[in-house]
Structure formats: C-alpha cells, structure tokens
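Every value quoted in this text rests on a predicted model; they were computed, and no experiment measured them.
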Amino acid sequence: MTKPVRVRFAPSPTGPLHIGGVRTALFNYLFAKKHNGTFVLRIEDTDQNRYVEGAEDYIVESLNWCNIPFDEGPNKNEKFGPYRQSERKHLYKTYADELIKKGHAYYAFDTAETLDFHRKDHEAKGKTFIYNWHNRLKLSNSLALSEEEVKAKLDAEEDYVIRFKSPQDETLHLKDIIRGAIKIDTNVLDDKVLFKSDGMPTYHLANIVDDHLMEISHVIRGEEWLPSLALHYQLYDAFGWNAPEFAHLPLILKPTGKGKLSKRDGDKLGFPVFPLAWTDPKSDDVSRGYKEDGYFPDAMVNFLAFLGWNPGTEQEIFSLEELVNAFDLERVNKAGARFDPDKIKWFNHYYMQEQDNYGLAIAFQNTRTELTAIDTQYIEMVIALVKERASFVSDFWSLSHFFFLAPSSYDEKASKKAIKEDTAGILTNVKALIESVDDFTVDNLQNTVKGWITSNEIGFGKVMMPLRLALVGALQGPDVFDIIYMIGKTETLKRIDGLIAIA
RNA sequence: GCUCUAUUAGCAUAAUGGUUAGUGCAUCCGACUUUCUAUCGGAAGAUAAGGGUUCGAUUCCCUUAUAGAGUACCA
C-alpha cells in the first residue's frame, strides 16, 4: 500500500440526499474504514441556480443517522478545507488558465443561443452537434480567432467559457475497478466546458482539481459518471497529475426495473426514497423519510449494502462493522440493482426482533395517547408477545390494542365464522371456568379450558374462536391464554359478557 | 441517432469450461390440536436469442434483441 486511502462523497446540495446517494456514501465509507482510510465529505455547490437552502445540513444529518459520519468535511477536521466548492472558487480559475497556457484548453465566446441553434439545426438534419475537433475552427473561440480578436473580446469583458481541447485520433485506455478496461476513441468526445461564464468551474474541473488537492486515492461514484471518465482521465494527464483509481457503482433502478430510481418515485410508488423526511423550502411539500417511517438505520444500511454488492457467502445480516470487514470493491456488481421495498421491510423486521423490548415499549408509548397512563413494564410484556409479527413500531398498535382497550366492535367476517347458535351457551360455561381459576397463570388457564373442551368433546374451534373474538374483536393476535393472563380476570369476564350479549 | 454499460427464476444475487446451477425475498402447499400478515417444513421457478471456439459452454468470442446511463455554461 503506497498511498493512504482517502475517499470522498461529493453530493451537490440541490435537495435532499436520495437513497442512491446514501448507497454511494456507504460504499465510500466502507471502503475507507476497511483500509483505515479517511472518508471526506465535499459539497459540490458550483451551480448557484440549483442551490437549495438546508440541503447541506440534511446531507450531514443523514450520514449521521446512518452511522456513517464523515471524517473530514465542512466544519470538521478541516485539513484540506474548505470543503465547499463555492468557498474554493478562487482556486479553479488559476487551474483553468494553466490548461490554456499548456494548450489543453481554450476560450470560447459562443452564446448559448448560437449553440442551441447549431444543435437544433443538426438534429433537423439527423446529425448530432458535437463541439470538438471537427467544427471548433468554425466557431467563435480562441483557436479560430486571431490573437488580437481574442484579446479584444477579453478586454471588452465579453462572456466566455473555457473549454477542454479534446484531442483527435487517439484511443484512451481507461480503467475501472469494477468494470475493468474500457477503450474510448477521442474523436467522439466533445470539448467540455470546464469554466463557466459566471466565474464558476463546472463539475469536471472542480472535481479533478479538488480530488487532486485533497489527495483522494479512490473515486467511488455512481455509474452515471462513467461517460465522463474519459474527460477526467485526460484532465489529470493535462495537469500532469496522477489519477486516482476509479470505481463506478451500478445504478439503483426503480422497482419496475425501468430507469434509475429518482427522487419523485417515492410518492408515486409508495415508499420513501429519502433517509430523512424533507420539507421543500419553497413549496412546503413534505417527502417521507425512512427514519420517520420507522426504519432502523442498521436495517437500511444492511439493505443498501446489498444493492450492488454481496459478500459471496450466504450471510445476509451484517452489522456495520461486519460490512466494513467483508466489503470489497471487486465484489461490486456491474448490472443495475433494482430497488425492492419488500426486502428492506424484511431487513427491518429482522432488526426489530433484535431490539430491546423496553426501548421499543417507550417508543411505542410515545406514539399513542392511550398509552401514556399505562405502566411501561406492562407495555414491554405486550411487546414481547406481539413483536415477532411487527416490522415497525407503528405496527404495534394494530397488533396489540386489545391489551389496552376492550373491543368496541366485532369484525364482521370473524363473527360469522366464530358465532354459532350454541356460542352463547359455551361462552357462559367458559366464563365460569375462567372465574374459577384462582392461581391465574397461563398454564393453569390453558389446562383448565382445554381440559374442559376435551372432556366435553366440544371441539376447539367452537370454543377458542368465540373466546378470541370476545377478547380481541377479531380473529387475530397472540395466544388466547397469554391475552387472558395479561388483561386479567375481571377484564376477561367483562369481555366475554360483551360477546354473550350479542351472540 | 451517437458513445458507454449491462443481461442467471417475478425480484436481488451465488457458482462453474464437464453429472441434480446454490441462497434470500415474493408465490403456492402443508404444520403449529385449531387466529395470523409471524414461526417451522415443503414445492414450483432461471443461465435473453442466434452463431462460433471447444471433445464439451451458462461460463470465452462475435452478432442480434432488450434495458439503462451519458450526450447541458446540471451535478
């Protein structure tokens, strides 16, 4: 190992971080920790038009909630700071100028309108307009114009951009850790804008300059950047810098498999695409978040880790620490990973079972006013009984309300199934039976009632179903005798009377 | 259109140049002396298509199809 591992997550603060961004951050984090490296957060806010208030804080909070905090970044351990590109603005122009001096870049004065015209014109003729070697001399730039003309334009403070001069007739050999060798013919590349007329660099320039200055060793980013890799390689070359290693993560696809998961899919498809809920500062629209929907961060991280990666073993449940140990970029998939909301639910169910019942009881208690007066220990016991069928804290109420409140009505379908002509009579007997149990334990209740059923040859369904209906109001819930034990004798008798009255 | 990338069951994926292609989710069926969306047990289900290389390919190569990404003074 020659260089220390330094990776970065470089989102642009244009809104809430979406789940794909979290996955990218996670893979960077895992890679960094695995190699005792540093995980850097850099804010790429070079597009002033798209800047959204609060987005940066949201990103930081999201990483923290997921337990994948950055080591270096805005307001934290600023060795290579500043970490916001807007605050590094002064740097980029110098580097752009250097490229011009070296002949790798040039000034271009074409207006957005003329370029637009060319694009449309070409499209109409069935061609594609590419600003590069084959037409750059016909356009308005410092390669086509004389030195005097250029100087005059610059002196007159005309708007200009700086474009990279992409070479002709070369074959580029790119390397990606996940995808292997990729060959690119430079003739199909265009002369990308490096420096915008508003005085800000584009992503391409800022990214390369910052990655170099921050001594980034590995660039781990989404596949949408793969087409830009050729440019980035050339940029490193033009500066005479050593390029870091690159790894392009597979896209995260919509559950339907058509297209990459986008921010708007959440509301459309009924599951969150953001780690935390987000309120749009302009429209006040609220988007759901995994945290608010009751997902545990460990479950989400575990799920996300398997989006495009797997350990090669059959183990699926991984703590963050285990992920760090097992993670390997070589084992990242090339094909896009479809987002499966059911699977993350499954993970959450698993992590729910691992949670401490008392903690869950408190969380549950806080969600319901009906519970404020109830002893937390009682709630804890209820949780123990219903937890195995819960995936979220919000599931608890529908799974357990009958431990706290008598049924106010009886489920129609269940009533039809459970109530027969002889039901009232049977329940009267059962009521007397339960009343007679002095040592009120689950075992005693069970033995008494079941013994009675067997010796009278009544049939379990005829007794157990109405009894459950009386207690719960529906045919669901944990073991009937657990319920009787929990709510106590008086309440049990009362509820049986309730059903007898209408049976 | 052009460039790049991908393609194992409904989905996520594992493995392999050579007898039954493994696992999880979802599905279906049983069991839990009778609730169940839980748990347990079981079942069904796949190498996109066509060529080639080879004694033999799902695995290597080519073509096609399909899908996705990029093609902005957005990142």
Inset, instruction - Let me know, please, whether Asp342(A) or Asp159(A) comes out on the 5' side of the other along RNA chain B by nearest nucleotide. - result: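 Its nearest nucleotide being more 5', the pick is Asp342(A).
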Inset, instruction - Select from Lys462(A) and Pro11(A) the residue whose nearest nucleotide in RNA chain B is closer to the 5' end of that strand. - result: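 Taking each residue's closest nucleotide, the earlier one in sequence belongs to Lys462(A).
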What is the distance, rounded to the nearest whole Å, between atom [atom1] of [X] and atom [atom2] of [N]?
| X | N | atom1 | atom2 | answer |
| --- | --- | --- | --- | --- |
| Arg179(A) | A69(B) | CZ | P | 13 Å |
| Arg221(A) | U5(B) | CZ | C1' | 15 Å |
| Lys334(A) | G68(B) | NZ | C1' | 16 Å |
| Phe306(A) | U23(B) | CZ | P | 16 Å |
| Glu388(A) | C32(B) | CD | C1' | 12 Å |
| Asp482(A) | C36(B) | CG | C1' | 15 Å |
| Asn447(A) | U33(B) | CG | P | 14 Å |
| Phe129(A) | C2(B) | CZ | C1' | 15 Å |

Scan [X] against the nucleic acid and name what it touches under 4.0 Å (heavy atoms): base, sugar-phosphate only, or nothing.
| X | value |
| --- | --- |
| Asp190(A) | nothing |
| Thr454(A) | nothing |
| Ile182(A) | sugar-phosphate |
| Val193(A) | sugar-phosphate |

Side-chain N,O ([X]) to OP1/OP2 ([N]) below 4.0 Å:
| X | N | answer |
| --- | --- | --- |
| Arg119(A) | C2(B) | no |
| Asn310(A) | U13(B) | no |
| Asn333(A) | U7(B) | no |
| Arg50(A) | A75(B) | no |
| Lys450(A) | U34(B) | yes |

Selected nucleotide, minimal atom distance to [X] side chain, candidates [options]:
| X | options | result |
| --- | --- | --- |
| Ile184(A) | A38(B), C4(B), U7(B) | C4(B) |
| Arg468(A) | U33(B), U35(B), A14(B) | U35(B) |
| Glu316(A) | U35(B), G24(B), C73(B) | G24(B) |
| Glu224(A) | A14(B), A69(B), U33(B) | A69(B) |
| Ser12(A) | G70(B), A75(B), U5(B) | A75(B) |
| Glu44(A) | A75(B), U34(B), A72(B) | A75(B) |
| Asp340(A) | A75(B), C36(B), C25(B) | C25(B) |
| Asp47(A) | U5(B), U37(B), C74(B) | C74(B) |
| Lys343(A) | C25(B), U5(B), C73(B) | C25(B) |
| Arg338(A) | A75(B), U34(B), A12(B) | A12(B) |

Carboxylate-amine/guanidinium proximity below 4.0 Å for [X] and [Y]:
| X | Y | value |
| --- | --- | --- |
| Lys334(A) | Glu223(A) | no |
| Glu44(A) | Arg84(A) | no |
| Lys462(A) | Asp422(A) | yes |
| Asp211(A) | Arg42(A) | yes |

Legend entry - Pairs touching residues 194-205 of chain A that satisfy side chain to side chain donor-acceptor pair (under 3.5 Å), sequence neighbours left out: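 Every pair satisfying side chain to side chain donor-acceptor pair (under 3.5 Å) with a residue in residues 194-205 of chain A: Tyr203(A)-Asn207(A), Tyr203(A)-Arg221(A), His204(A)-His232(A).
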Counting only Watson-Crick pairs (N1-N3 plus N6-O4 or O6-N4) and G-U wobbles (N1-O2, O6-N3), all under 3.5 Å, who is the partner of [N]?
| N | result |
| --- | --- |
| A44(B) | none |
| A57(B) | none |
| G1(B) | U71(B) |
| C25(B) | G10(B) |
| U39(B) | A31(B) |

Legend entry - Contacts of Arg495(A) that satisfy salt bridge (Lys or Arg N to Asp or Glu O under 4.0 Å) - sequence neighbours left out: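 Salt bridge (Lys or Arg N to Asp or Glu O under 4.0 Å) list for Arg495(A), sorted by chain: Glu491(A).
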Legend entry - Side-chain heavy atoms of Asn302(A) within contact of Glu316(A), under 4.5 Å: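 Result no, sub-4.5 Å side-chain heavy-atom pair not found.
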Inset, instruction - Measure the shortest side-chain to side-chain distance between Tyr295(A) and Lys345(A) over non-hydrogen atoms and say whether it is less than 4.5 angstrom. - result: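 They are in side-chain contact.
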Legend entry - Strand contacts (RNA chain B) in residues 196-210 of chain A, 4.0 angstrom heavy-atom criterion: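 Residues of residues 196-210 of chain A that come under 4.0 Å of RNA chain B are, in numerical order, Lys196(A), Ser197(A), Tyr203(A).
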Inset, instruction - Indicate the ring-plane relationship of Phe347(A) and Phe306(A), choosing parallel, tilted or perpendicular according to the 30° and 60° boundaries. - result: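 Tilted: the ring planes of Phe347(A) and Phe306(A) meet at 30° to 60°.
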Inset, instruction - Establish, for the pair Arg331(A) and Phe327(A), whether the NZ or CZ atom is under 6.0 angstrom from the six-membered ring centre and no further than 45 degrees off its axis. - result: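 Because its charged atom misses either the 6.0 Å distance or the 45° angle limit, Arg331(A) does not stack over Phe327(A).
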